[in-house]
2 protein chains.
Amino acid sequence: MSNAYNRPDQLSSSLRERILETARSLGYAGPDPVARSLATRSSAAVGFMLPQGLSGAFSDPALSIVLDGLASTVDGHDHSLVLMPGDSTGGPRPSIVSRAQADVMVAYSLPDSAPALDAVAARGLPLVVIDQPVLPGSARVEVQDHLGASLAASFLLELGHSSFGILTFSLHPDGVSGPVSHERRSAVPFRVSRDRLGGYLDTLAKGGVQPDNVPVWEARGSDRELGRLGARWLLTRTPRPSALLCASDQLAFGALQAARDLALTVPRDVSVVGFDDVPEATYSDPPLTTVRQPLAEKGRRAGELALKLLAGGRPPRPTRLDVSLVQRASTAPRT
Amino acid sequence: MSNAYNRPDQLSSSLRERILETARSLGYAGPDPVARSLATRSSAAVGFMLPQGLSGAFSDPALSIVLDGLASTVDGHDHSLVLMPGDSTGGPRPSIVSRAQADVMVAYSLPDSAPALDAVAARGLPLVVIDQPVLPGSARVEVQDHLGASLAASFLLELGHSSFGILTFSLHPDGVSGPVSHERRSAVPFRVSRDRLGGYLDTLAKGGVQPDNVPVWEARGSDRELGRLGARWLLTRTPRPSALLCASDQLAFGALQAARDLALTVPRDVSVVGFDDVPEATYSDPPLTTVRQPLAEKGRRAGELALKLLAGGRPPRPTRLDVSLVQRASTAPRT
DNA sequence: TTGTACGCGTTATCAT
DNA sequence: ATGATAACGCGTACAA
């Protein structure tokens with residue numbers, strides 16, 4: 001009897017010894033985790049749903065840091081982490097979610113309509129969502145995206161810039177990259193993209209810059225190469241923007257590269273601002289002015305919420321984590 | 001009866017409809033994954049054992065890329081990924097491994113003696129090891145570390161360098177950072193560290209450089225900051241090395257930083273060579289000369305092996321993936 | 001084509 | 001303190 005394994009104190013050590021001994025001689029390697037889970041109704045694992053294939057996921061430093069914060073929390077409580085990669089639908093396939101052995105799910109930056117979320121609801125699993133979407137009945141951790149974007153825009157405005165370009169990641173989950181038409185700017189299903197873009201444009205408008213005069217490029221993902229592509233387009237408009245607002249550091253790094261490609265000097269010819277403040281923003285050339293969000297804290301917070309939900313807690317009111325502007329060397333007053 | 005879910009063709013569509021209908025009205029969300037696993041004896045998941053907390057793990061780009069390659073393979077076969085973070089023992093705690101719901105394990109660069117490996121053996125789970133250690137009965141994917149290190153050393157020798165410093169990651173699993181004594185260079189339990197260090201020293205010796213005259217710094221991990229620390233020490237020896245051999249790109253980036261700290265110019269004052277060829281090596285300042293290993297391929301290969309073992313295959317003979325030297329701008333002839 | 005009963009390996013409860 | 005036994009929810013072989 002496996003009391004020997006789980007409650008060593010409930011039985012005499014002699015018996016315990018004898019049991020363990022025979023077990024060993026029989027080649028028994030301890031309780032089977034699956035059977036235990038069935039009996040216990042708990043698999044001691046938290047599921048993590050990604051917006052894209054693990055492929056893209058691990059190359060995003062921001063995600064890595066969040067995952068890290070989450071992992072350390074969860075691991076400290078003897079829970080394991082089950083990763084569920086997403087596909088082109090902007091989240092894991094429902095079948096993956098239905099079959100995942102986890103007793104709480106964490107959704108990371110999924111589109112409003114991700115089928116994976118229905119699957120979670122169908123199973124009745126508690127859910128923590130990071131960033132987006134907002135979903136009734138789920139716990140949530142988000143950051144002040146609109147404010148962050150405002151900070152970046154205000155800063156450039158104060159520096160005297162009046163000609164801008166905006167580089168954003170997906171506005172719509174259709175995998176399209178390109179200049180953003182007027183209509184595409186409305187009804188954006190990704191809250192984060194919506195808030196950041198809104199933060200930029202609202203603030204610029206307050207500063208007297210007509211949103212219609214601001215070229216916006218939408219990259220279908222948040223990687224460096226896509227950023228380079230978009231920035232090249234932005235930097236070849238007339239008049240050439242003297243400042244670029246980028247929705248992520250990765251995109252901003254791409255913009256730095258694009259500027260080099262065009263023989264422009266940052267920040268003399270063009271200022272660039274990112275969003276996230278990943279570690280590399282310190283090392284880039286030049287070091288990146290960016291909006292800092294507490295990435296590790298975001299992950300930890302999500303982990304704690306997951307554990308809390310697991311313990312039967314109710315989802316608390318979502319709070320939004322702070323952001324702040326970090327000034328480095330990729331920005332300068334307009335000349 | 002859940003035949004309705006799993007073999008739609010085995011029963012009339014009318015019955016199937018009726019079953020699904022009642023199921024829905026009863027609030028039934030489909031087969032329970034745990035119970036299914038118990039009955040099936042398969043959890044459709046591959047476990048991934050990390051040498052350190054997920055914390056450090058995700059900040060290592062090389063690991064991310066490997067994980068990515070593995071994930072895409074595994075995901076394509078409808079398996080999920082269970083991450084098992086390691087702790088100070090250089091691998092996951094045995095209890096985590098014993099309880100993990102996975103039917104094949106992948107070990108990533110674990111020390112020879114990791115307790116986690118015993119736990120895997122105890123459960124009788126098939127095992128794929130990446131890099132190290134070598135373990136009878138397990139499938140393995142490794143790269144030509146010794147050769148790679150030789151390439152780097154030869155290259156510097158050809159450039160005319162004769163005064164070297166070596167920056168390596170852990171030689172022994174005791175979390176020690178510092179200059180490496182003579183005795184600590186022997187009986188190194190990490191195969192990768194052993195091979196790379198050996199590759200450097202052997203080749204240098206053939207080029208007429210006495211190993212005893214080459215200062216070696218051991219960093220207790222492979223991150224930039226530890227690299228910076230070690231490189232500072234190496235670059236303040238007398239005579240100052242004109243070339244630094246680094247066991248990873250992360251360490252090399254730290255070395256680049258250390259050189260800047262000391263107002264030295266790379267490669268004019270000192271040449272730096274890394275190992276891995278992570279994407280950032282292209283963007284660093286200056287771009288890094290390094291030894292390329294096929295990281296994504298390594299992950300894919302591991303995934304395929306895991307799937308193969310799962311299907312009952314025998315572990316094939318390990319093959320070693322190719323390496324090659326990538327020349328960029330962090331190296332120059334000795335002046 | 002449809003229904004039934006047993007086994008998967010635990011945990012937990014209850015009787016001894 | 002120890003031993004027996006009923007769930008846990010599924011797949012599946014087999015009977016109807």
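Chain identifiers are assigned alphabetically (A, B, ...) following the order of the sequence lines, protein sequences preceding nucleic acid strands; residue numbering begins at 1 within each chain. Side chains are part of it too, since the values below use all heavy atoms of this structure and drop only hydrogens, waters and symmetry mates.
Here the P atom of nucleotide dC8(C) and the CG atom of D103(B) are 18 Å apart, to the nearest Å. With rounding to whole Å, R41(A) atom CZ is found 11 Å from dA12(C) atom P. Here dC8(D) presents its P atom at 12 Å from CG of D32(B), a figure rounded to the nearest Å. What separates CZ of R36(B) from C1' of dC8(C) is a distance of 15 Å, to the nearest Å. Rounded to an integer number of Å, the gap from I19(A) CD1 to dT10(C) C1' is 15 Å. Look at CZ on R99(B): it is 16 Å from C1' on dG9(C), rounded to the nearest Å. Separating the CG atom of L26(A) from the P atom of dG9(C) is a distance of 13 Å, rounded to the nearest angstrom.
Heavy-atom distances to DNA chain C give each of S13(B) and G30(A) a nearest nucleotide, and the one nearer the 5′ end belongs to S13(B). Toward the 5′ end of DNA chain C lies the nearest nucleotide of S14(B), the other residue of the pair T40(B) and S14(B) mapping further downstream.
Residues D75(A) and I96(B) share a closest heavy-atom pair of OD1-CD1, 3.4 Å.
Put simply, the side chain of R320(B) never gets that close to the backbone of Q144(B): no donor and acceptor are under 3.5 Å apart. No donor-acceptor distance shorter than 3.5 angstrom exists from the side chain of R99(B) to the backbone of R36(A), with no hydrogens or angles considered. Between the side chain of S138(B) and the main chain of V134(B), no donor-acceptor pair closer than 3.5 Å is present.
Under the side-chain hydrogen bond (donor to acceptor under 3.5 Å, both in side chains) criterion, T319(A) pairs with R301(A), not counting sequence neighbours.
In this structure, of dG3(C), dC8(C), dC8(D), it is dG3(C) that holds the atom nearest to the side chain of L15(B). Taking every side-chain heavy atom of A39(B) into account, dG7(C) is the closest of dG7(C), dC8(D), dT10(C). In this structure, of dG9(C), dC10(D), dG3(C), it is dG3(C) that holds the atom nearest to the side chain of R18(B).
The number of heavy-atom neighbours closer than 6.0 Å to CZ of R220(B), taken from other residues, nucleotides and ligands shown, is 12 or below.
Contacts classified as side-chain hydrogen bond (donor to acceptor under 3.5 Å, both in side chains) and involving residues 106-120 of chain A (residues at least two apart or in different chains) are given here: S109(A)-Q132(A).
For the helix from dT1(C)-dA16(D) to dT16(C)-dA1(D), the rotation axes defined at the first and last 5 base pairs enclose an angle of 50°, given to the nearest 10°.
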